[in-house]
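Below: one structure, written as structure tokens.
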Amino acid sequence: MTNPVAIVTGGSRGIGAACCRMLAARGYDVAFSYTANDAAAATVSAEIEAAGVQALAIKADMATEDGVLALFTAADGRFGRLDQVVINAGITGRIKRVVDMSVEDIQAVMNLNIVGAMLCARESVKRMSSKSGGKGGNIVIVSSAAAWLGSPNEFVHYAASKGATNSLTIGLAKEVAQEGIRVNAVAPGLIDTDIHATAGAPDRVERLQSMVPMGRGGTAEEVAEAILWLLSNDSRYTTGVILPVSGGR
Ligand code: NAP
């Protein structure tokens, strides 16, 4: 008996790391990608292994096809099966108004958040689809409440990329619904991770939390719990949904 296997993109920190820890606690071997923070990746690997399952950390850029293929191929080689995929790696870009954005600013966000996400979805379907001999599985894409808030004066390019992610979720879910694959998304609101400091606003959660109906930012674990539900058999009749995890925002 081999353990079930999960892939998490962007698993070294934040929401992805919380997913890795929770999947490990539920008996999954976990392969995850990251790009820069070797120390954070080593910590998550150790946490996964402490749960008695295998960890595979792959330093690979999910904004490129080569990076996506490196992750999925490495997971094939180590585990030989694939059950769950969390397409999580994402960036906001630096806070700017649209009028000040360069083509490079826009492309960096789109390349990771939508082109890379779509390539990860493609590689997942290739392996899981009953049409190609796969055993089925689940895909959860990490979108954002920004898709409907629009993020004016902060990162409209990011909001637009997450709108595209929602369309990917809806369309792909319908495309593979009879191939044993469910495709869903979560749309987190204001979650306390490093992403805000990377965008140039380390105090963003504290500053904006009074605008959240529940009056506080969320945690990476609170988002991961929703993702794990969508990956579980408990949500077996749910596909193509975008589940807000946003404290009512
Ligand atoms: P985070 O704390 O900044 O962590 C990002 C993770 O992704 C890190 O593990 C990072 O690796 C990895 N990563 C970044 N670029 C990558 C790339 N090109 N290829 C592979 N891995 C990459 O972010 P987070 O807040 O957890 O966000 C995770 C997802 O949730 C994103 O899609 C984001 O848009 C979405 N989200 C977040 C919030 C929020 O408020 N935090 C709200 C809505 C949606 P390194 O450690 O190597 O840098």
Side-chain angles (χ1 to χ4, degrees), residues 7-21 30-45 57-72 86-95 107-117 119-120 140-149 151 154-155 157-166 168-169 185-209 211-212 216-224 226-227 242-247 249:
I7 286 180
V8 179
T9 72
S12 56
R13 292 182 292 121
I15 294 166
C19 289
C20 289
R21 288 190 289 267
V30 183
F32 70 90
S33 62
Y34 70 105
T35 39
N37 196 325
D38 295 319
T43 300
V44 173
S45 289
I58 302 294
K59 196 170 187 172
D61 183 357
M62 297 297 101
T64 69
E65 186 172 33
D66 284 352
V68 170
L69 294 179
L71 171 64
F72 279 79
V86 183
I87 302 176
N88 164 77
I91 53 169
T92 59
R94 300 285 291 183
I95 288 176
Q107 281 171 341
V109 168
M110 295 297 169
N111 284 345
L112 178 59
N113 295 6
I114 185 61
V115 180
L119 293 171
C120 288
V140 173
I141 302 176
V142 183
S143 179
S144 173
W148 54 84
L149 295 170
S151 306
E154 289 195 310
F155 20 69
H157 53 347
Y158 170 75
S161 74
K162 295 298 188 177
T165 292
N166 291 352
L168 166 63
T169 304
V186 292
L190 195 62
I191 308 301
D192 195 5
T193 70
D194 298 342
I195 203 169
H196 310 286
T198 308
D203 64 340
R204 191 165 174 271
V205 174
E206 201 177 76
R207 194 163 37 83
L208 299 180
Q209 63 187 358
M211 293 165 67
V212 177
R216 65 172 178 87
T219 66
E221 287 70 26
E222 286 170 326
V223 180
I227 293 171
I242 293 126
L243 176 65
V245 186
S246 60
R249 196 162 179 233

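Both ligands and their constituent atoms are indexed starting at 1 by order of listing. Computation of the quantities below employed the complete heavy-atom set of this structure, encompassing side-chain atoms and omitting hydrogens, waters and symmetry-equivalent molecules.
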With side chain to side chain contact (heavy atoms under 4.5 Å, CB included) as the criterion, how do Val186 and Val142 come out once you've worked through the C-alpha distance, each side chain's angles and the decisive distance to 0.1 Å? CA-CA 5 Å; Val186 292; Val142 183; 4.2 Å; yes
Under 4.0 Å from a heavy atom of [X]: which atoms of ligand 1 are those, numbered in the order shown and with their elements?
X	value
Tyr158	33 (C), 34 (O), 35 (C), 36 (N), 43 (C), 44 (C)
Thr193	2 (O), 24 (P), 25 (O), 26 (O), 41 (N)
Gly90	31 (C), 32 (O)
Ile195	2 (O), 3 (O), 23 (O), 25 (O), 27 (O), 33 (C), 39 (C), 41 (N)
Val142	29 (C), 30 (O), 32 (O), 35 (C)
Ala89	21 (N), 22 (C), 32 (O)

Can you name the closest pair of heavy atoms from [X] and [Y] and give their distance?
X	Y	value
Ile91	Tyr158	O-CD1, 3.1 Å
Phe155	Gly93	CD2-O, 4.2 Å
Ala146	Ala159	O-CB, 3.2 Å
Ala36	Lys59	O-NZ, 4.1 Å
Thr193	Gly14	CG2-CA, 4.0 Å

Just let me know how [X] lines up against ligand 1, side chain, backbone, both or neither, with a heavy-atom cut-off below 4.0 Å.
X	answer
Ser143	backbone
Pro188	both
Ala145	neither
Asn88	both

Got a donor-acceptor contact below 3.5 angstrom from the His196 side chain to the Ile191 backbone? yes
Donor-acceptor pair, side chain of Ser33 and main chain of Gly10, under 3.5 angstrom: yes
Residue-ligand contact [X]/ligand 1, heavy atom below 4.0 Å:
X	answer
Lys59	no
Thr198	no
Phe32	no
Ala60	yes
Gly67	no

Among all protein heavy atoms, pick out the one at the shortest distance from [atom]; state its residue, atom name and that distance to 0.1 Å.
atom	answer
atom 13 (N) of ligand 1	Thr35 OG1, 4.1 Å
atom 6 (C) of ligand 1	Gly10 O, 3.7 Å
atom 11 (O) of ligand 1	Ser12 OG, 3.2 Å
atom 26 (O) of ligand 1	Ile15 N, 2.8 Å
atom 47 (O) of ligand 1	Ala36 N, 2.6 Å
atom 18 (N) of ligand 1	Asp61 OD1, 2.8 Å
atom 38 (C) of ligand 1	Gly189 O, 3.9 Å
atom 4 (O) of ligand 1	Arg13 O, 3.9 Å

Any N or O of Gly16 closer than 3.5 Å to N or O of ligand 1: no
Decide whether an N or O pair under 3.5 Å exists between Ser33 and ligand 1. no
Does the protein place a non-hydrogen atom closer than 4.0 angstrom to atom 29 (C) of ligand 1? yes
Asn166: what forms a side-chain contact (heavy atoms from CB on, under 4.5 Å) with it, not counting sequence neighbours? Ser143, Ala147, Trp148, Ile242
Ignoring hydrogens and angles, write down the donor-acceptor pairs under 3.5 Å from the side chains of residues 65-72, residues two or more places apart or on other chains.
{"residue": "Glu65", "atom": "OE2", "partner": "Arg122", "partner atom": "NH1", "Å": "3.3"}
{"residue": "Glu65", "atom": "OE2", "partner": "Arg122", "partner atom": "NH2", "Å": "2.8"}

Would you say Arg249 and Leu149 make side-chain contact, with heavy atoms under 4.5 Å? yes
Would you mind reporting whether Leu208 and Glu154 have side-chain heavy atoms less than 4.5 Å apart? yes
Going by the side-chain contact (heavy atoms from CB on, under 4.5 Å) test, name the single residue among Asn113, Val86, Leu168 that passes it with Ile141. Leu168
Kindly determine whether Ile15 and Ile227 satisfy side chain to side chain contact (heavy atoms under 4.5 Å, CB included), including the steps that lead there. CA-CA 10 Å; Ile15 294 166; Ile227 293 171; 4.0 Å; yes
Start with the C-alpha distance between Phe32 and Thr9, add both sets of side-chain angles, then the distance that settles side chain to side chain contact (heavy atoms under 4.5 Å, CB included), and finish with yes or no. CA-CA 5 Å; Phe32 70 90; Thr9 72; over 6 Å; no
